[in-house]
Q: 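Here you go, one structure.
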Amino acid sequence: MTTAQPLDVQPTPLALLLLGREADPRSERGVECPGDLPAASDPDLVERARAAKAKLGDKVFVLGHHYQRDEVIEFADVTGDSFKLARDAAARPDAQYIVFCGVHFMAESADILTGDDQQVVLPDLAAGCSMADMATAEQVAECWDVLTEAGIAEVTVPVSYMNSSADIKAFTGKHGGTICTSSNAERALNWAFEQGEKVLFLPDQHLGRNTAVRDMGMSLDDCVLYNPHKPNGGLTAEELRGAKMILWRGHCSVHGRFSLDSVNDVRERIPGVNVLVHPECRHEVVAAADYVGSTEYIIKTLEAAPAGSKWAIGTELNLVRRLANRFADEGKEIVFLDKTVCFCSTMNRIDLPHLVWALESLAEGKVVNRIEVDPEVASFSKLALERMLALP
């Protein structure tokens with residue numbers, strides 16, 4: 001009888017991805033919508049996270065994006081949107097480790113804005129962003145060639161949403177453009193139109209369209225949609241020359257779920273409801289809403305809302321549920337705009353087990369999942385970010 005020998009099994013790329021120790025360059029291909037909330041925090045993991053964070057002390061600074069699970073937010077030193085958190089990290093030069101509980105592009109921005117002696121850690125490398133992944137450096141370079149052939153590249157200014165990869169931010173900086181957030185997109189576009197005649201807006205078509213049409217008075221005819229998966233973006237040279245806004249065919253997989261039917265349905269179900277949505281939503285949803293604004297705007301609007309008011313919120317569910325619980329004692333009724341329970345699947349990859357693993361590893365002197373941006377890419381990205389900071 002032959003005794004079986006142990007197999008020398010090497011972890012597969014998929015296994016490493018699931019462990020959060022490798023990255024899938026394609027990131028997610030869609031968004032699943034689980035029907036249940038994430039499981040409650042394991043008490044043992046909670047205690048382990050507290051112990052590791054206490055051991056690290058001031059050497060670690062934990063950032064928590066608004067869309068994170070409550071179990072993760074509990075251990076965040078600061079919370080906010082992507083750019084606020086990157087700036088918060090830059091304001092803590094004494095912190096040796098920056099643990100970014102968000103998604104990959106956010107950790108890249110933190111690495112760009114923090115010192116060379118600081119190390120940025122993303123607890124799960126598979127926490128990407130479907131929107132950011134909809135514009136690659138190769139695709140954008142090809143688009144610029146198309147604009148050049150159409151004779152308009154010299155009068156086109158790129159404006160890239162914060163929700164983009166470092167490569168796209170670097171392209172923007174190299175070509176005289178700026179970065180924007182959902183809070184300052186109008187200011188960024190006004191600046192861009194002072195520099196040139198047209199804007200290439202990357203990678204979220206909805207934020208670009210909503211800002212141009214709703215906030216700046218342009219028409220839908222002023223906008224064309226560049227599809228990187230079609231020859232010449234699916235556009236003729238004449239269409240490109242006639243457009244003011246060249247919108248990239250990208251979108252947020254969560255905010256893109258909300259529809260006009262969602263708005264009409266909630267108004268029927270809840271008389272007197274106020275519909276408050278993020279500008280990453282489709283144009284028809286934004287047009288039908290009562291209030292439109294960034295994540296920070298949504299929070300401040302609900303803080304200022306009168307007791308007893310009713311709100312349907314079109315943004316990520318973790319944040320909506322947190323706000324509903326926060327303002328329940330004030331009699332504010334806050335519901336999710338869509339009937340379907342839907343989290344941001346990649347944001348939810350940062351869970352307590354991954355956070356504990358990252359913190360305990362750092363406490364043992366082992367840096368895991370460090371995010372490092374190429375120096376040249378970082379330099380041009382920082383140039384674009386600095387242009388945003390200098391916006392009037």
Side-chain angles (χ1 to χ4, degrees), residues 28-38 66-67 129-131 133-134 161 163 182 185 201 203-215 218-225 227 229 234 245 247-295 297-299 301-302 305 308-325 327-328 332-348:
E28 69 171 302
R29 297 168 182 79
V31 170
E32 296 179 358
C33 297
D36 299 317
L37 291 173
H66 285 308
Y67 297 167
C129 171
S130 60
M131 180 202 296
D133 292 341
M134 290 176 190
Y161 191 21
N163 299 29
S182 52
F201 195 89
D204 180 23
Q205 60 169 305
H206 300 308
L207 178 61
R209 183 182 295 108
N210 289 329
T211 305
V213 176
R214 180 181 183 273
D215 300 331
M218 296 187 205
S219 72
L220 290 173
D221 292 336
D222 290 322
C223 307
V224 294
L225 189 63
N227 185 341
H229 302 292
M245 291 286 293
L247 305 170
W248 192 265
R249 189 175 180 270
H251 65 276
C252 170
S253 300
V254 172
H255 289 108
R257 288 185 51 82
F258 301 116
S259 66
L260 186 57
D261 287 342
S262 302
V263 177
N264 293 335
D265 176 75
V266 80
R267 291 197 191 281
E268 289 182 9
R269 287 188 289 114
I270 307 176
V273 71
N274 297 284
V275 177
L276 169 58
V277 304
H278 195 282
E280 289 177 18
C281 292
R282 302 177 193 180
H283 182 67
E284 60 267 27
V285 173
V286 165
D290 300 302
Y291 302 90
V292 181
S294 66
T295 303
Y297 172 86
I298 290 172
I299 295 170
T301 299
L302 292 176
S309 55
K310 302 174 183 179
W311 298 85
I313 312 299
T315 193
E316 205 275 339
L317 183 54
N318 273 316
L319 175 61
V320 176
R321 292 189 66 89
R322 191 174 299 123
L323 292 171
N325 291 332
F327 296 116
K332 300 174 187 178
E333 182 181 349
I334 298 171
V335 302
F336 191 55
L337 179 58
D338 196 5
K339 283 184 175 180
T340 305
V341 175
C342 190
F343 300 92
C344 175
S345 62
T346 47
M347 278 283 188
N348 268 275

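Computation of the quantities below employed the complete heavy-atom set of this structure, encompassing side-chain atoms and omitting hydrogens, waters and symmetry-equivalent molecules.
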Q: Decide yes or no on side-chain contact (heavy atoms from CB on, under 4.5 Å) for Y161 and W248, but give the supporting numbers first.
A: CA-CA 11 Å; Y161 191 21; W248 192 265; over 6 Å; no
Q: Determine, stepwise, if the pair L220 / H283 fulfils side-chain contact (heavy atoms from CB on, under 4.5 Å).
A: CA-CA 10 Å; L220 290 173; H283 182 67; 4.1 Å; yes
Q: Give the minimum heavy-atom separation between C281 and F258, together with the two atoms involved.
A: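 Looking at all heavy atoms of both residues, the shortest contact is SG-CD1, 3.7 Å.
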Q: Output yes when a side-chain donor or acceptor of D265 lies under 3.5 Å from a complementary backbone atom of D261, and no otherwise.
A: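 Between the backbone of D261 and the side chain of D265 there is no qualifying donor-acceptor contact (under 3.5 Å).
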Q: Can you name the nearest heavy-atom pair linking H255 to E280, along with the distance?
A: ND1-OE1, 2.9 Å
Q: So, applying side-chain contact (heavy atoms from CB on, under 4.5 Å) with V273, which one of K310, E268, E333 is it?
A: K310
Q: Can you tell me how far the CG atom of N163 sits from the OG atom of S182, to the nearest 0.5 Å?
A: 7.5 Å
Q: Among N318, T346, N348, T315, find the residue that satisfies the side chain to side chain donor-acceptor pair (under 3.5 Å) test when tested with Y67.
A: T315
Q: Does any part of the side chain of M245, heavy atoms only, come nearer than 4.5 Å to the side chain of M218, both counted from C-beta?
A: yes
Q: What heavy-atom pair brings P279 and S294 nearest, and what distance separates the two atoms?
A: CD-N, 4.0 Å
Q: Check whether more than 12 heavy atoms from other residues, nucleotides or ligands sit under 6.0 Å from atom CZ of R249, and answer yes or no.
A: no
Q: Using every non-hydrogen atom in the two residues, find where H278 and V286 come nearest and quote the distance to one decimal.
A: O-CG2, 4.1 Å
Q: Within the structure provided, determine whether S262 and V285 are in side-chain contact (heavy-atom separation under 4.5 Å).
A: no
Q: Between OG of S253 and CG of D133, what distance do you get to the nearest 0.5 Å?
A: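 So the OG of S253 and the CG of D133 are separated by 9.5 Å.
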Q: Would you indicate whether the side-chain heavy atoms of D290 and R267 approach each other to under 4.5 Å?
A: yes
Q: When the ring planes of W311 and Y291 are compared, do they come out parallel, tilted or perpendicular, using 30° and 60° as the limits?
A: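 Ring orientation, 0 to 90° scale: tilted.
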Q: Less than 4.5 Å apart, any side-chain heavy atom of V335 and any of I313?
A: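 Contact flag for V335/I313 side chains = no.
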Q: Keeping the roles fixed (side chain from K332, backbone from A324), state whether a donor-acceptor pair exists under 3.5 Å.
A: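 It does not hold such a pair.
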Q: Taking all heavy atoms of H251 and all of D204, pick out the closest pair and write down the distance.
A: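 H251 and D204 have their closest heavy atoms at CA-OD1, 3.6 Å.
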Q: Check the pair V320, I334 against side-chain contact (heavy atoms from CB on, under 4.5 Å), reporting the backbone distance first and the verdict last.
A: CA-CA 7 Å; V320 176; I334 298 171; 4.2 Å; yes
Q: How far does NE2 of H66 sit from CG of L323, to the nearest 0.5 angstrom?
A: 8.5 Å
Q: Nearest 0.5 Å please: distance from the CG atom of N264 over to the CZ atom of R269.
A: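 N264 CG to R269 CZ: 11.5 Å, rounded to 0.5 Å.
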Q: Could you tell me which non-hydrogen atom of R282 sits nearest to which non-hydrogen atom of S259, and how far apart they are?
A: NH1-CB, 4.5 Å
Q: Could you grab the distance from atom CZ of R322 to atom CG of L317, nearest 0.5 Å is fine?
A: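 Rounded to the nearest 0.5 Å, the CZ-CG separation comes out at 10.0 Å.
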Q: Assess the residue pair L337 and V277 against the criterion (side-chain contact (heavy atoms from CB on, under 4.5 Å)); give the C-alpha distance rounded to whole Å, side-chain angles, the decisive distance to 0.1 Å, and a yes or no.
A: CA-CA 8 Å; L337 179 58; V277 304; 3.9 Å; yes
Q: Starting at CE of M131, measure out to CD of Q205 and round the result to the nearest 0.5 Å.
A: 9.5 Å
Q: Taking T211 for its side chain and L207 for its backbone only, find out whether a donor-acceptor pair lies under 3.5 Å.
A: yes
Q: Can you tell me if D222 uses its side chain to pair, donor with acceptor, with the backbone of S219 under 3.5 Å?
A: yes
